[in-house]
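Step one of this worksheet: look at the structure below.
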Amino acid sequence: MVKKRVHELAKELNVESKELMQKLSNMGISVKSPLSTLQDAEVERVLAELKGGNEKVVNNKGGNQQAQATAVQAQARADKAKEGKNNHKKRHAERPRHQQDARRYDRGPGLVDRVPSRPPDRRFQERPLKVEPPQPQPRAQAQQPASKVQQPAARGRMPAEKKAQVAPPQGEATGRQPAKTKPEHLKVPKVPQEIKAVSEKVRSDKTRGEKKQEKQHTARARDRKELLDETLVDRKLRPLASQKKKTAPGEPEPKPVVEKKPIVIGESITVKELAEKMKNSPAEVIKKLMMLGVLATINQEIDADTATILAQEFGFEVEVKVEQDVEALFMQEPEDDPADLQPRPCVVTVMGHVDHGKTSLLDAIRETNVTATEAGGITQHIGAYQVEHNNKKITFLDTPGHEAFTAMRARGAKVTDIAILVVAADDGVMPQTVEAINHAKAAGVPIIVAINKIDRPDANPDRVKQQLTEYGLVAEEWGGETVMVPVSAKTRQGLEDLLEMILLVAEMQELKANPNRPARGTVIEAELDKGRGPVATVLVQNGTLTVGDNLVAGTTWARVRAMMDYKGRRVKKAGPSTPVEVLGFSEVPQAGDQFFVVPDEKTARQIAEKRANRKREEEFKAAMPRVSLDDLFNQIKEGQVKELRVIIKADVQGSAEALKQALERLSTEEVKVNIIHQGVGAITETDIMLASASNAIIIGFNVRPDVNARRVAEKEKVDIRLYRVIYDAIEDVKAAMSGLLEPEYREVILGRAEVRKTFKISKVGTIAGCYVTDGKIARDAGVRVIRDGVVVYEGKLGSLKRFKDDVREVMQGYECGLALEKYNEIREGDIIEAFTMEAVKRELA
Ligand SMILES: Nc1nc2c(ncn2[C@@H]2O[C@H](COP(=O)(O)OP(=O)(O)OP(=O)(O)O)[C@@H](O)[C@H]2O)c(=O)[nH]1
């Protein structure tokens, strides 16, 4: 038999090392740490003792558990005897099936990726909860937990009696209990680290009487653990309060004694709210949290588990009630009955290379088809417009370019039905043409090519068609499927054909929507209007939006106060594929935000606020510990951080988006520009706090910080930069990034000295008497010894003296004495070259 360490034995027995150490000390075996070794006899004693303990419990629990306990002991013995793996496997195979199941469940290694990583909840482990000993179970039931773990999806809520039935048998309880797989909808936030602290605290509250009854207590504790692990699954169904009722009469109640009215919380709660509910000061609560090892600010959310522990410290029970997810309820788009669907106009986006005429084409179509019919001829620029051709409407999105298209798509918005690819007939396919093709293809949107500028003398539409074949776009007349229309935005030639083709392609798509339902759609553009407040152009994609509707868009909400169409006319209703300008938003939403109508203002407000909180939380979570820009540079130098975080605030969404894209384009391999937040409107205190928490700088474009923000920014030392020209902002960031980039080093030769004489001094080494022939020799410089043109040593100076004095440097034409660090082979005639490494600021390409 081989000596065993405590932790090894504990592992074999599936108990905590600490628990085993306690047991050993009760048995009079002294061990210092889990690494201490146990003599054979001691191991035997422990096993015998445990066997006794198990048997006691087994008696309580019935024969089935006895089999399990025996299995554990058999395993312990098997390990002790160091049987080969094959033997072990063989025996394992021979073992009755229910034992195998129990063992698999008990030990877990094979189940590692099937059971959740959450450790057994030790908070409850030592709490003296009395549990009714489970009735002896039929075999099928005893096996149930193992099979459940294997099929977590099958788990659901179940009544408490049923749970008791499926509580694992005793053999398992002696082992480390794997946490049960929880169904998704019952997941509680992760158990925080501080549990350990609480566990320790509760443990220290143990009475002396308990210690005497250690054996029984341990067995009971395991029972409790077993039950509580089970209970953790439905914490939300059975709050701690109900568990506590099970505490046996006579058993000491752990501190604190809970008598107050339970606090009802959701899945999480802010520190402030919890403090209010407990009628305590937030400072007290934060202090207690710190003692539990959790650093939280007053407005930070803590999860239900942390809140439960915390509240207990104040003598409160907590009831966790999961709110019905109203958001999810409305987020899901109910299927429309095909009978309710009606044809809707198609939505078109114009893409293409810079200067190929996207804007001109959009303007030409608008002017031809809109303004001409408009009294006064004033068209509104609301981000989208509609034209009518052959009595059919087409909606054009007014933000040309695939960047906007993809930015929307990245936010989950699918707005475009058809992409018009504008290619200048004189210029042909260019890089952004290819990008646009790829973006449209990636989105699965059909492409119509508008070969523009055919009025130009050097126009060559066939060349364009030819080039496009390389990208999989083959013109119809060449046997392909892509519609290509030669047009001129200037002469308006071909525009009718283009519209005709758009309608044709749209027809093939059979675009339909149900106008008779609450609206949903996407925010196309949004800005803060001085007179009217937040204004957003939205595209209704399904249903009908009506004045007075309440809607949620991203983290904002609106009660639709008024709507204007692209002609600036007030409208009361907007059906599918209609772009309208909406007034009544709580804040400026973001382009790409999807909106949906909800029954009332309260719901709208609730969902938006919840989303805003969640977003803020996420932004804070993503935030790094606060450092100044200088520190950030140092951090970057140390290779820890390689990104410049930026918050953009602008007067209109378009500028914010443009700035964002331009800045992100500055990212290099070394430094990434990360726009952690962008928004429209003044720079607020919240922006500063986010910047402070994330080491971000704030760029304001045509906006200014409000008074509060200024004050907080000063306090938090947040760098705010205000611009009126986008170019200036980009240039500044570029410069900052040059500072942030790891500098390149260049060697600079300081000077040379010739060794004229050498002296050997005991304990010091070789001293070289030198003459500085050019430049200078500096004490902190790097030096190399050159002999016959070959470098024989490179290192540092050990000393530099003039006469008897240490000096910092010796200039050309002077003599000096020097010693080299760790090099004594210096000879007369050697050249000493002094050099430094100088950082070179790098410019971005
Ligand atoms: N001759 C001729 N010139 C055109 C035509 N369409 C556009 N242009 C000219 O081409 C230049 C670029 O046109 P824009 O409409 O600004 O092109 P764009 O693709 O929107 O450019 P960006 O917005 O910068 O991407 C302008 O000078 C237009 O006047 C056309 O059909 N014929």
Side-chain angles (χ1 to χ4, degrees), residues 347-372 379 381-385 387 394-409 416 418-440 445 447-465 467-468 471 473 475 483-502 524-525 537 566 591 652-662 664-665 725-727 730:
V347 181
V348 178
T349 299
V350 176
M351 302 179 183
H353 191 72
V354 65
D355 274 354
H356 276 199
K358 300 180 290 289
T359 312
S360 305
L361 192 64
L362 274 167
D363 288 347
I365 293 170
R366 189 200 336 251
E367 280 158 26
T368 316
N369 294 273
V370 180
T371 327
T379 29
H381 274 259
I382 67 163
Y385 65 85
V387 298
I394 303 170
T395 305
F396 280 89
L397 295 184
D398 216 355
T399 338
H402 56 272
E403 291 91 350
F405 167 81
T406 303
M408 283 240 193
R409 205 162 73 81
T416 308
I418 297 170
I420 307 291
L421 180 70
V422 181
V423 190
D426 57 339
D427 208 14
V429 172
M430 299 302 278
Q432 283 175 18
T433 316
V434 180
E435 271 181 35
I437 294 171
N438 293 337
H439 283 234
V445 173
I447 299 172
I448 295 178
V449 179
I451 304 177
N452 193 27
K453 305 195 188 183
I454 50 158
D455 59 291
R456 299 276 288 250
D458 48 351
N460 187 351
D462 279 348
R463 190 172 69 104
V464 174
K465 287 180 193 169
Q467 287 174 330
L468 286 171
Y471 303 96
L473 299 181
V483 178
M484 300 197 187
V485 189
V487 294
S488 165
K490 194 176 171 191
T491 64
R492 306 199 172 172
Q493 185 190 340
L495 294 191
E496 296 284 305
D497 288 346
L498 181 63
L499 296 177
E500 189 78 46
M501 287 302 144
I502 292 172
I524 304 293
E525 232 178 61
T537 297
Y566 60 96
V652 292
Q653 184 65 34
S655 313
E657 194 56 44
L659 199 51
K660 176 176 188 256
Q661 286 179 7
E664 279 175 345
R665 247 177 259 142
V725 180
I726 288 192
Y727 175 79
I730 297 164

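Atoms within a ligand are numbered from 1 in the order they appear, just like the ligands themselves. Residues: numbered from 1 along the sequence shown.
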Give a yes-or-no answer on whether the side chains of H353 and D427 include a donor-acceptor pair shorter than 3.5 Å. no
Numbering as shown, the atoms of ligand 1 that approach H353 to under 4.0 Å (heavy-atom distance): 19 (O)
Run the numbers for me: atoms of ligand 1, each under 4.0 Å from some heavy atom of S488, listed by number. 31 (O)
What's the shortest distance from [atom] to any protein heavy atom, and which residue and atom give it?
atom	result
atom 22 (P) of ligand 1	D355 N, 3.8 Å
atom 31 (O) of ligand 1	A489 N, 2.8 Å
atom 32 (N) of ligand 1	D455 OD1, 2.7 Å
atom 7 (C) of ligand 1	S360 OG, 3.3 Å
atom 17 (O) of ligand 1	G357 N, 3.0 Å

I need the minimum non-hydrogen distance between [X] and [Y], along with the two atoms involved.
X	Y	result
A425	V464	CA-CG2, 3.9 Å
I365	Y385	CB-OH, 3.7 Å
A662	I730	CB-CD1, 3.4 Å

Who passes salt bridge (charged side-chain N to carboxylate O under 4.0 Å, His left out) against R492, sequence neighbours left out? E367
Nearest heavy atom to atom 9 (C) of ligand 1, choosing from K453, K358, R456, belongs to K453
Is there any N or O on V354 that sits under 3.5 Å from an N or O of ligand 1? no
What part of N452, side chain from CB on, backbone N/CA/C/O, both or neither, has a heavy atom under 4.0 Å from ligand 1? side chain
Contact partition for T359 relative to ligand 1, non-hydrogen atoms under 4.0 Å: both
H356 pairs by side chain to side chain contact (heavy atoms under 4.5 Å, CB included) with which of D426, N452, V423, L421? V423
Are any non-hydrogen side-chain atoms of Q493 and V487 less than 4.5 angstrom apart? no
Side chain to side chain contact (heavy atoms under 4.5 Å, CB included) for L468 and V429? Distances and angles first, verdict last. CA-CA 7 Å; L468 286 171; V429 172; 3.7 Å; yes
